[in-house]
Structure formats: C-alpha cells, structure tokens
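Down below is the structure, laid out as structure tokens.
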Amino acid sequence: MFGIEKPPKGRWPTPPFDPRFPNQNQTRNCYQNFLDYHRCMKNMNRRGKSTHPCDYYFRVFHSLCPMSWVSGQGGAGRPDRQGGRARLS
C-alpha cells in the first residue's frame with residue numbers, strides 16, 4: 001500500500017522508511033509495528049497459514065524499539081506501563 005519493501009535476507013541494520021511516521025521520534029512506529037506483528041501472527045495462525053510474512057513486523061519493531069522494551073527484563077519505561085493494552089515482552 002505504501003510501497004514498503006520486503007526486508008533483505010540476513011543482517012538488517014535499519015528498517016526502511018515508513019511514510020506514516022516521518023518524524024524523528026519513532027516511538028509510535030515501534031508500537032504500531034509491534035501491534036501489526038501480533039495482529040498478523042493471530043490472523044495467520046487462525047487461518048492455518050505460514051507466519052513468514054509476519055517476520056517483517058518482528059524485525060522492524062525489534063530494530064526500532066529500545067532493548068529494555070523488547071527484552072522482557074522489566075522496567076518502568078515500558079509501554080505496557082504507560083496505558084497501552086499490549087505488552088512488548
């Protein structure tokens with residue numbers, strides 16, 4: 001829809017530009033890709049299809065989100081402690 005390319009194979013240092021989030025602060029981009037990943041996993045598992053297309057969202061939110069949010073070690077700065085419904089870990 002927005003012309004977002006598929007992630008390259010192997011190492012992926014930075015996600016491609018997403019025109020929905022043009023600003024420097026990428027917190028919303030992180031959270032939206034986290035939600036998109038879990039929504040994709042839920043839909044693909046329910047339909048009995050491969051979850052391979054969901055890898056894109058997984059790689060983007062792991063690349064954009066701070067390690068303290070995705071590592072599951074806990075901390076006061078995680079989005080689940082700031083009113084978000086979903087947990088990152």
Side-chain angles (χ1 to χ4, degrees):
M1 181 166 142
F2 292 107
I4 298 174
E5 303 164 5
K6 291 183 179 180
K9 303 268 186 212
R11 190 145 174 84
W12 193 35
T14 13
F17 176 73
D18 189 344
R20 298 177 295 171
F21 307 100
N23 300 324
Q24 184 174 0
N25 187 349
Q26 293 293 302
T27 305
R28 290 183 189 214
N29 191 354
C30 155
Y31 191 64
Q32 185 60 49
N33 280 289
F34 169 77
L35 294 176
D36 289 344
Y37 168 71
H38 287 284
R39 187 177 301 128
C40 178
M41 291 295 285
K42 180 180 175 182
N43 288 335
M44 292 300 202
N45 286 331
R46 183 178 43 184
R47 294 177 185 168
K49 295 184 178 180
S50 170
T51 59
H52 181 68
C54 304
D55 290 346
Y56 170 79
Y57 300 113
F58 179 82
R59 293 175 82 178
V60 169
F61 93 80
H62 268 269
S63 178
L64 290 175
C65 299
M67 292 305 289
S68 61
W69 290 4
V70 296
S71 67
Q73 299 296 321
R78 290 180 17 203
D80 64 324
R81 306 271 168 92
Q82 296 176 2
R85 286 186 353 161
R87 297 184 73 146
L88 288 181
S89 54

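Keep in mind that the numbers below use all heavy atoms, side chains included, and drop hydrogens, waters and symmetry copies.
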Heavy-atom pair of closest approach, residues Asn23 and Gln26: O-NE2, 2.6 Å

Starting at NE2 of His38, measure out to CG of Asn43 and round the result to the nearest 0.5 Å. 13.0 Å

Spacing of Phe58 atom CZ and Met41 atom CE [to the nearest 0.5 Å]: 9.0 Å

Is there a side-chain contact between Met44 and Cys40, using heavy atoms and a 4.5 Å cut-off? yes

Residue pairs passing the salt bridge (charged side-chain N to carboxylate O under 4.0 Å, His left out) test where at least one lies in residues 31-46, sequence neighbours excluded: Asp36-Arg39

For residues Pro53 and Ser50, report the shortest heavy-atom separation together with the two atoms involved. CD-O, 3.5 Å

Just how far is it from atom CG of Asp18 to atom CG of Asn29, taken to the nearest 0.5 Å? 5.0 Å

For Asn25, the side chain to side chain donor-acceptor pair (under 3.5 Å) test, sequence neighbours excluded, returns Thr27

Inter-residue atom distance Cys54.SG - Arg59.CZ, 0.5 Å rounding: 13.5 Å

Linked, directly or transitively: Phe21 and Tyr37 (ILVMFWY side chains, under 4.5 Å): no

Hydrophobic cluster membership, with links at side-chain heavy-atom distances under 4.5 Å among I/L/V/M/F/W/Y: are Val70 and Val60 in one? yes

One should read off an interatomic distance between Asn33 CG and Cys65 SG, to the nearest 0.5 angstrom, of 8.0 Å

Check each of Trp69, Tyr31, Phe34, Tyr56 against Phe61 using the ring-ring contact (aromatic ring centres under 6.0 Å, His included) test, and report the only one that passes. Phe34

